[in-house]
Q: 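Quick one: the structure is below, and I'll ask about it shortly.
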Amino acid sequence: MDEEMKASAAVNVISAFDAANPGPLWGSEGLAPFAMTIRGSLEGRSGFDRRGRLHLACSGISLDSLDRPSAVLQRIASKTFMAETVMDFTPAEGQEAGLLCWYDDDHYAKLVKRLDRSGRAVVALMHRSTPPNDKFEGYRTERSESMLLQVSSVALEGKAATLPLALRIEAHTPEEYVFSYAFVDGGKTGEFIPVGSPVDARTLSTRHCAGHQGTMVGVYAY
């Protein structure tokens with residue numbers, strides 16, 4: 001790299017951005033410069049209070065549609081990472097919100113708070129992907145081959161159904177995403193509880209999904 005290219009690279013950066021530890025996706029001044037959405041602006045669906053908390057409106061647009069769901073994301077730029085948020089959300093029938101790993105409309109995993117068929121609040125881990133083949137070589141399939149699998153669901157009883165939740169996604173290895181939650185009571189976060197089995201991260205990878213944009217992680221509201 002010659003001196004001119006070095007000088008250009010030095011200025012072509014986002015201030016204070018570290019790809020392995022990029023920091024909060026939002027703050028009192030709004031979304032971070034590296035924050036991304038799916039297919040367009042969230043104008044009219046998002047806002048910030050004086051404490052820098054994000055208010056994200058449920059859109060009624062699902063992740064497997066080709067429309068513009070309510071999601072704020074960042075690219076995963078490290079083989080191992082942790083993403084975490086605290087959410088205060090009371091779902092109505094048909095609504096859900098939480099953390100999301102998203103590749104495209106056929107390949108994603110989400111840890112959300114929602115209501116089950118009986119009207120109970122639950123934390124649900126859900127995973128949509130095309131089936132892997134034995135050699136795990138990347139390919140593109142028809143949408144009809146995509147499947148949405150609810151991996152696990154945990155009922156929230158009594159006071160637990162009304163408490164804010166801390167939600168977390170961890171990749172201790174490049175092959176597995178571990179989803180967990182904890183209750184936040186009186187400003188104190190309890191012990192994180194894993195939900196279901198780890199998600200096979202390969203099903204959300206460029207090699208499997210046969211795309212090019214890479215996997216993103218962030219928050220989502222439906």
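Just so you know, these numbers use all the heavy atoms, side chains as well, and skip hydrogens, waters and symmetry mates.
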Q: Just say parallel, tilted or perpendicular for the rings of His107 and Tyr103, cut-offs at 30° and 60°.
A: perpendicular

Q: Would you verify whether the NZ or CZ of Arg128 falls within 45 degrees of the ring axis of Tyr108 while also being under 6.0 Å from that six-membered ring's centre?
A: no

Q: With sequence neighbours left out, what residues match Ser197 under side-chain hydrogen bond (donor to acceptor under 3.5 Å, both in side chains)?
A: none

Q: Would you say the side chain of Val72 lies within less than 4.5 Å of the side chain of Ser46, judging by non-hydrogen atoms?
A: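 Contact flag for Ser46/Val72 side chains = no.
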
Q: State whether the side chain of Lys113 and the backbone N or O of Ala161 hold a donor-acceptor pair below 3.5 Å, judged by distance alone.
A: yes

Q: Passes salt bridge (Lys or Arg N to Asp or Glu O under 4.0 Å), Arg202 versus Asp200? Steps please.
A: CA-CA 5 Å; Arg202 299 175 301 171; Asp200 188 338; 2.8 Å; yes

Q: Report yes if the side chains of Ser129 and His208 come closer than 4.5 Å at any heavy-atom pair, otherwise no.
A: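 A side-chain contact under 4.5 Å exists here.
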
Q: Using the side chain to side chain contact (heavy atoms under 4.5 Å, CB included) rule, pick out the option among Val112, Val219, Leu63 that qualifies with Leu100.
A: Leu63

Q: According to side-chain contact (heavy atoms from CB on, under 4.5 Å), who are the partners of Ile61, at least two apart in sequence or on a separate chain?
A: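 Per chain and number, Ile61 pairs via side-chain contact (heavy atoms from CB on, under 4.5 Å) with Arg45, Ser59, Ser65, Asp67, Pro69.
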
Q: For the backbone of His127 and the side chain of Lys110, can you confirm whether one donor and one acceptor N or O come within less than 3.5 Å of each other?
A: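 No; judged by distance alone, with no hydrogens or angles, the pair does not exist.
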
Q: Check Ala166 against Val184 and note the closest heavy-atom contact, atom names and distance.
A: N-CG2, 3.9 Å

Q: Report yes if the side chains of Val122 and Arg114 come closer than 4.5 Å at any heavy-atom pair, otherwise no.
A: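 Side chain of Val122 against side chain of Arg114, heavy atoms only: contact under 4.5 Å found.
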
Q: Got Leu156 and Phe183 here, is their nearest side-chain heavy-atom distance under 4.5 Å?
A: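 Side-chain contact under 4.5 Å: yes.
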
Q: Are Leu25 and Phe34 packed together at the side-chain level, in the sense that at least one heavy-atom pair is separated by less than 4.5 angstrom?
A: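 Yes; the side chains approach each other to less than 4.5 Å.
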
